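This report refers to the structure that appears directly beneath it.
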Amino acid sequence: MSLLHDFYSIESFSAQDQKVSASIVINKEHPVFKGHFPNRPVTPGVCMMQIIKELAEKWSASTLILRKARNVKFMAIINPEEQPNIQVTLDVEEEDGLLSVKSTTSFEDTVALKFSGVFQKETH
């Protein structure tokens, strides 16, 4: 389940072992952009990280909790009016209920976010 209802849609999702590739479309009409920022929308970095988490959850078929963000580099602004089509890749390693994820978020030929972190599978 998406934390931000209707913030983005998944156009394609493929997983080959530990490699995940997804194409998503950001909803430029989402209410978050009215405050971030009026007349100059910028996709919030925390929302970009949430997308990575949700794609990792889809891959693992588990609810995940972010335990550690090792390296987060925001390299370009994603304006949903100009760049709504985003590509996200994940390289996942799983061990003892922990997922180490390295991810790149990009549009066209521009890298917008490089992320590496550790997620833990939630136990009920």
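Everything numeric here is computed off the predicted structure, so don't read it as measured data.
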### Task
Could you tell me whether the side chain of K121 reaches within less than 4.5 Å of the side chain of E94, counting heavy atoms only?
yes
### Message
Please determine whether residues V118 and L55 belong to a single hydrophobic cluster, defined as Ile, Leu, Val, Met, Phe, Trp and Tyr linked transitively by side-chain heavy-atom distances below 4.5 Å.
### Response
no
### Query
For residues 19-45, which residue pairs qualify under ring-ring contact (aromatic ring centres under 6.0 Å, His included), counting only residues two or more places apart or in two chains?
F7-H30, F7-F33
### Task
Just do the side-chain contact (heavy atoms from CB on, under 4.5 Å) check on L64 and Q120 with the steps written out, would you?
CA-CA 5 Å; L64 301 175; Q120 181 177 1; over 6 Å; no
### Query
For D6, does its backbone N or O pair with a side-chain atom of N27 as donor and acceptor, under 3.5 Å?
yes
### Task
Answer whether the closest heavy-atom distance between the side chains of Y8 and V25 falls below 4.5 Å.
no
### Message
What I'd like to find out is whether the side chain of I24 reaches to under 4.5 Å of the side chain of S9, using heavy atoms alone.
### Response
no
### Message
If you define the side chain from C-beta out and look only at heavy atoms, does anything of P84 sit under 4.5 Å from K28?
### Response
no
### Query
V111 and M75: which non-hydrogen atoms are nearest, and at how many Å?
O-CB, 3.5 Å
### Query
Does the cation-pi check pass for K102 over F115, that is, NZ or CZ under 6.0 Å from the six-membered ring centre and within 45° of its axis?
no
### Query
When rounded to the nearest 0.5 angstrom, what distance separates OG in S21 from CG in D91?
12.0 Å
### Task
Write down the atom of W59, the atom of L99, and the distance for their closest heavy-atom approach.
CZ3-CD2, 3.8 Å
### Task
Give the minimum heavy-atom separation between P80 and V42, together with the two atoms involved.
CD-N, 4.3 Å
### Message
So if I apply the side-chain contact (heavy atoms from CB on, under 4.5 Å) rule between T43 and each of I26, N79, I86, which one comes out positive?
### Response
I26
### Query
With a 4.5 Å limit on heavy-atom distance, are the side chains of S14 and V20 in contact?
no
### Query
Do the non-hydrogen side-chain atoms of K114 and F74 ever get within less than 4.5 Å of each other?
no
### Task
Could you walk me through whether F13 and K58 pass side-chain contact (heavy atoms from CB on, under 4.5 Å), step by step?
CA-CA 9 Å; F13 180 92; K58 184 173 176 68; 3.4 Å; yes
### Task
Decide yes or no for I51 and T105: does some side-chain heavy atom of the first lie under 4.5 Å from some side-chain heavy atom of the second?
no
### Task
Show the numbers, then the answer: is there a side-chain contact (heavy atoms from CB on, under 4.5 Å) between I78 and M48?
CA-CA 9 Å; I78 298 175; M48 294 167 59; 3.6 Å; yes
### Message
Taking E57 first and then K53, would you say they form a salt bridge - that is, a charged N and a carboxylate O separated by under 4.0 Å?
### Response
yes
### Query
Are the side chain of S103 and the backbone of T89 linked by a donor-acceptor contact shorter than 3.5 Å?
yes
### Query
Does any N or O in the side chain of T110 come within less than 3.5 Å of the main-chain N or O of E108, such that one atom is a donor and the other an acceptor?
no
### Task
To the nearest 0.5 Å, tell me how far F119 CZ sits from S62 OG.
12.5 Å
### Message
Between I52 and L113, is there a side-chain heavy-atom distance shorter than 4.5 Å?
### Response
yes
#### Entry: Other residues, nucleotides, ligands: >12 heavy atoms within 6.0 Å of L98 CG
yes
### Summary
Closest non-hydrogen atoms of N85 and F107, given as atom of the first, atom of the second and distance, are O-CB, 3.6 Å
### Query
Under 6.0 Å from the CD atom of E11, do we count more than 12 heavy atoms belonging to anything else shown?
yes
